Amino acid sequence: VLMLVRSQLPRLRALLQCYWGRLERGLWPGVFGGQSPPWGPALAVQDPAPVPQGINDAGKSCAEVPSLLESIVWMAAPKQRRTIEVNRCRRRHPSKLIEMKRNIDVCPECGNLKQKHVLCGYCYAKVKEETGLIRIEIHKKEGGPFNAPAVETVVLYEGEKPTEKDEGKQIIERARKRPSWFVQN
Amino acid sequence: SSLFLSGAAWARGVFGWARPERWLVSGGLFPLSCIHTSSSLQKIGKWEKKNRIVYPPQLPGEPRRPAEIYHCRREIKYSKDKMWYLAKLIKGMSIDQALAQLEFSDKKGAKVIKEVLLEAQEMAVRKHNVEFKSNLHIAESLTGRGRYVKRMRCHGKGMFGMMKISRCHYFVKLVEGPPPPPEPPRTGFDQAKEYVQQLRNRTLVHTL
């Protein structure tokens, strides 16, 4: 609920507009001691339309303007309170309920649940952890930023020797047994 | 001192938090060491009390009564309407299926409900004599309104609105056994049969 801190300015503005309009049309001759329209510019052509026509219109409009029919743009607003039955029908409609997922399987490696089109979360976490440790070893070897050699990297675990194929490559040693999922070439 | 020589009830009122009856157990002066003071535990809800009912042993000829486990979590920082959708999703599922659905749901309440279900499953195996932890299904799952707090939310130009920070409770009842088969949807033929039966049940009143 938004609370309007200011006063009701639109009503005041409409009222002032009405009275200004009446003054302009010369409907209050008593205000300035009987001078007929003092407000218009001196060289302008006087309006030939008779004043009594203005009186009728102004009388009607002065009665209407305080009811704010001209200055307000109509906005959509609910006419009736929505009953709880109607609300329930909308909130519990089948399109709004959560659908059951039918794409959940069991990961053959670890036995945790996984979605069919997504990698198993547990296996991914395991691999991520190991690659983090390998990256730490790489940082230790390089010593600083921008020192990455332009050659391939080979990761060797305990008890493994570099072969002839790994001649010019950067070798990273990890002090643990080779994990079963990290296949050696 | 003289303060602790009066009855446990008086001490409970004055030093509710200190529980003097606990201190004097070794002396043997107050054998009522199991009295709980109300301030420390707050009000125990009705759902928690449902776990305390104990049925008499079943007679040999009676059909086996399945184990029922009631569990709940109070004052979860989530909306009760949003939580209701998750509760409706897992109603009537087996516990494994429910845990699978909640694990891959993106909602905040899914994590909370999953914790509650795992707690309830562990409770069932440890305390309620359930043999297989997978042999449970969700008989009831409900949400309730927690305590709301009203706060001011500042808008531009010095305007403000009052917003309510909502919390909810979540209740679950696990029952041993496979989940019941889903009800077949009501066909037009069933409705017609019921209508004809209603017509046939009419009787004449205020007559001979």
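Only a predicted model underlies this, so the values are computations on that prediction, with no experimental measurement involved. For the numbers below, each heavy atom of this structure counts, side chains included, while hydrogens, waters and symmetry mates do not. Proteins come first, then strands; the chains are lettered A, B, ... in the order of their sequence lines, and each starts at number 1.
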N/O donor-acceptor pair under 3.5 Å between Lys88(B) side chain and Leu97(A) backbone: no
Any side-chain heavy-atom pair of Phe104(B) and Asn103(A) under 4.5 Å: no
Just checking [X]: does its [atom1] atom have more than 12 heavy atoms from other residues, nucleotides or ligands closer to it than 6.0 angstrom?
| X | atom1 | result |
| --- | --- | --- |
| Arg102(A) | CZ | no |
| Tyr124(A) | OH | no |
| Arg153(B) | CZ | no |
| Gln191(B) | CD | yes |
| Lys111(B) | NZ | no |
| Arg126(B) | CZ | yes |
| Gln58(B) | CD | yes |

Working to the nearest 0.5 angstrom, can you tell me the gap between [X] [atom1] and [Y] [atom2]?
| X | Y | atom1 | atom2 | answer |
| --- | --- | --- | --- | --- |
| Arg92(A) | Trp84(B) | CZ | CH2 | 4.5 Å |
| Leu102(B) | Lys101(A) | CG | NZ | 10.0 Å |
| Asp96(B) | Leu113(A) | CG | CG | 8.5 Å |
| Gln101(B) | Glu99(A) | CD | CD | 10.5 Å |

Structural part of Ile98(A) lying under 4.5 Å from a heavy atom of chain B: both
Heavy-atom cut-off 4.5 Å, strictly under: side chain, backbone, both or neither for Met163(B) against chain A? neither
Engaged part of Ile90(B) at the chain A interface, taking heavy atoms whose separation is under 4.5 Å: neither
For chain A, which of Leu99(B), Leu89(B), Asp81(B) has the most heavy-atom pairs under 4.5 Å? Leu89(B)
